[in-house]
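Working notes, beginning with the structure itself.
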Amino acid sequence: MIRTHEAGTLRAEHAGQTVTLAGWVAHRRDHGGVAFVDLREASGVVQVVVRDELLTGAAGDLRAEFCVKVVGEVRLRPAGNENPDLPTGAIEVDASEVEVLSASAPLPFPVDAHAEVGEEARLRWRYLDLRRDNARGLRIRHRATRTIRRVMDERGFVDVETPYLTRSTPEGARDFLVPVRLQPGHWYALPQSPQLFKQLLMVGGLERYYQIARCFRDEDFRADRQPDFTQLDLEMSFVDEEDVYEVGEAVFRAVWKDVLDIELPQPFRRLPFTECMDRFGSDKPDLRFGLELVELSSFFAGTEVRIFAGQPYVGAVVVPGAGSWTRKQLDGWNEWARGRGAKGLAYVLVEGDGSLRGGVLNALSDGERSGLAVAAGAAPGDGVFFAAGPRREAQDLLGAFRNAAAREIGAIPEGRWEFLWVTDMPMFEPDGDGGWTAVHHPFTAPAQDRVDDFDVDPADVPARAYDIVCNGMELASGSIRIHQADVQRRVFDVIGLTPEEARSKFGFLLEAFQYGPPPHGGLAPGIDRMAALLAGTESIRDVIAFPKTSSGGDPLTGAPTPITAQQRKDAGIDATPAGLTEPS
RNA sequence: GGUCCCGUAGUGCAGCCAGGAGUGCAUGCCGCCCUGUCAAGGCGGAGGUCGCGGGUUCAAAUCCCGUCGGGACCGCCA
């Protein structure tokens, strides 16, 4: 090693020792005659005192982010010059030798944790961005994955790698495609998840499989979405939901303990999907605050209010303090609701003296006026915000409003971790064309008491599917899979997949399932979101080494790039496959 | 596919609504001074295609249209 000590580890007990350090110049405070150089590397920062006579030659140009080697003696700082804000603040290193290992060009932005830098510049010089906070996000992510591997290993899971160059997997997103030079006109798809492979591994008798796997989905970006992202993919044979819950909780409990030293409750709460929707208007409810939905369908049954009359569902969220919101604020929420495709957000405000005001008030009958506050559970000073329409739609709107309003009124406590399982997720949902589509994926088993009749009326059939949700974020998703051929056939039938199409797309899996597939099920926690949550950041980009911008570009490498005519020819992109066999 | 915000010196921003010459602010950079600072300080200096294209106007960073790039959201995506 070039150095004998790590800069951030030096303490008063090292006083008198001669040490050799290597790192970067974080700051140079030059007083003429003597200069103070903050030497920074992964372990921390230490102050190096450099006399003028050493600042000759290359060392004389010492600037921020020069990479240097320093030989010097550790000594206690002169009385009164200690810096209690630094772990190394009691001492300093009196340099006898300064060597520039490599110089730094002037920086495109300050390498300083508290400087605000634009997203694009940070990504363009991501390596400098990483220096700013000592790659904190990546180090937290590492501690999480290290714990995950330990827990998986302790429980007998086998780490197996599955192909990235493969064929389409049934997750429902758009595929990334890769041309195949050896078979012009044919393309690999990058896997949206290792779903099919892990099921094949169960047929193969692995019994317990896991992988920290990259997944690829060609959909639009969000702050918590990248086109290539990472899942802890796991699958177990001979299990039911309880076994998967136990493992899932063990993983999250261990990670939260190791990374944050926080004990999560055991077991996690469980809420059936329909209860989540009824109470929170979301399939990933944030349980850190109340503001639960109130159903008013029966209260408004037979109402004359035009926007409520005849609607299958009327509900409300009661917001404390909203009774004093200004007209401008209320108009803003109306606009917010319209932005989500609703007609608006009707409201009634309860004044301090219990009297009501609000746009829909005039339309209410006397009985509705007098009973509303009690029915909705609203107190003086509260605002009651309504949505009406198809049950799911109206609840979605109220759920989104619940989150936004909680943020608005500061009702979301910091430092809380509200984990829960959302259970009994629906099996199918309307596909918009009068048919049905699988909510999770088409290998998810129906609830055990619906195996015989799930295809008679696919609406509201619960699946053996479950999510882990924390603070309003979906952190994991999984299910017990179908292992009987006839059930699988009937599921394909419901979602309108003909036997020919099924064979064409998943024939290899169906074939494998002819050979004694074990009952199995699994889970897939999202590593990026998990790490972001642990790091206390809103954006998963902070826990990804080289993230992409929202148009899928990487400003650092310049990817993606156009290809040359020759590359295009070699890749066989324009070739027509002999005998077109692809289903449309 | 849609909505919204942003684009001005290397970086972060003000100026734009209400048009009138880019001495704008902070930081960084360059030079000089300075022996106890710690996001050091003082003095001086350099640094700009106001993203790009078009339009309106006597005159555009500013108003209008288009386009590109970044960000957030809806749709999409578990």
Side-chain angles (χ1 to χ4, degrees), chain A residues 26-40 45-53 61 63-65 77-86 88-89 92 94 104-125 128-129 132 170-175 192-193 195 215-227 229 231 283-284 335-342 396-397 400 404 422 425 429 432 438-441 444 465-469 473-479 523-526 529 538-539 541 548-551 553 555:
Chain A
H27 295 283
R28 170 184 179 174
R29 294 177 295 277
D30 194 337
H31 289 252
V34 66
F36 301 96
V37 172
D38 291 337
L39 187 78
R40 184 205 63 233
V45 177
V46 72
Q47 171 165 292
V48 177
V49 181
V50 187
R51 305 281 157 194
D52 233 11
E53 50 272 26
D61 297 328
R63 249 196 345 246
E65 301 312 317
R77 292 193 186 190
N81 282 312
E82 302 85 358
N83 184 347
D85 296 332
L86 289 180
T88 59
E92 60 192 9
D94 190 16
S104 171
L107 299 165
F109 54 79
V111 176
D112 191 335
H114 43 69
E116 299 241 336
V117 184
E119 193 87 12
E120 207 177 350
R122 290 177 55 197
L123 296 188
R124 167 83 175 73
W125 291 279
L128 294 179
D129 187 36
R132 297 201 310 148
E171 240 69 18
R174 214 170 283 119
D175 286 322
Q192 296 178 28
S193 78
Q195 182 61 38
C215 305
F216 305 88
R217 293 178 193 171
D218 185 10
E219 296 294 343
D220 288 358
F221 285 64
R222 287 288 186 282
D224 62 353
R225 245 193 259 162
Q226 289 264 308
F229 62 98
Q231 285 185 344
D283 59 357
K284 40 179 192 287
E335 203 48 50
W336 172 89
R338 272 193 284 274
R340 298 185 155 259
D396 275 341
L397 180 68
V422 176
M425 307 286 288
E429 62 188 356
V439 172
H440 190 61
H441 56 59
T444 300
Y466 34 78
D467 286 353
I468 293 180
V469 170
M473 249 180 292
E474 181 201 308
L475 290 187
S477 192
S479 65
L523 189 71
R529 282 182 195 172
E538 296 275 313
S539 172
R541 289 168 202 183
K548 294 171 182 65
T549 68
S550 67
S551 62

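Reminder, nothing fancy here: chain letters follow the sequence lines and each chain counts from 1.
Both distances falling under 3.5 Å, in either a Watson-Crick or a G-U wobble arrangement, occur for no nucleotide opposite B/C34. Using the Watson-Crick or G-U wobble rule with both distances under 3.5 Å, B/C50 pairs with nothing in any strand shown.
For A/Arg225, no side-chain nitrogen or oxygen approaches OP1 or OP2 of B/C76 to under 4.0 Å. Remark: A/Thr549 is not in phosphate contact with B/G69, judged by side-chain N or O atoms under 4.0 Å from OP1 or OP2. A sub-4.0 Å separation between OP1 or OP2 of B/G70 and a side-chain N or O of A/Ser550 is absent.
Checked against side-chain hydrogen bond (donor to acceptor under 3.5 Å, both in side chains), A/Arg529 has no partners two or more places apart in sequence or in another chain.
Looking at heavy-atom distances under 4.0 Å, A/Gly89 makes no contact with the nucleic acid at all. A/Val45 comes within contact range of no nucleotide atom at all, as no heavy-atom separation falls under 4.0 Å. Residue-level contact check: A/Glu119 touches the backbone only, with heavy atoms under 4.0 Å from sugar-phosphate atoms and none from bases. Contacts of A/Met425 with the nucleic acid, taken as non-hydrogen atoms under 4.0 Å apart, include base atoms.
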> Which letters describe nucleotides 35-40 of chain B, given B = protein heavy atom under 4.0 Å from base, S = only from sugar-phosphate, - = neither?
Replying inline: BBBBBB
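In the set B/C77, B/A72, B/G12, the nucleotide with an atom closest to the side chain of A/Arg541 is B/A72.
As a whole-Å value, the separation of A/Glu335 CD from B/C74 P is 16 Å.
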> Would A/Lys548 and A/Gln226 count as a side-chain contact (heavy atoms from CB on, under 4.5 Å) if you check the C-alpha gap in whole Å, the side-chain angles of each, and the deciding distance to 0.1 Å?
Replying inline: CA-CA 7 Å; A/Lys548 294 171 182 65; A/Gln226 289 264 308; 3.7 Å; yes
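Ring-centre distance between A/His27 and A/Phe36: not below the 6.0 Å cut-off.
Heavy-atom neighbours of A/Glu116 CD from other residues, nucleotides or ligands within 6.0 Å: at or below the threshold of 12.
Counting distance only, with no hydrogens placed and no angle test, the side-chain atoms of A/Arg222 and the base atoms of B/G71 include no donor-acceptor pair under 3.5 Å.
A donor-acceptor contact shorter than 3.5 Å links the side chain of A/Arg132 to the backbone of A/Asp112.
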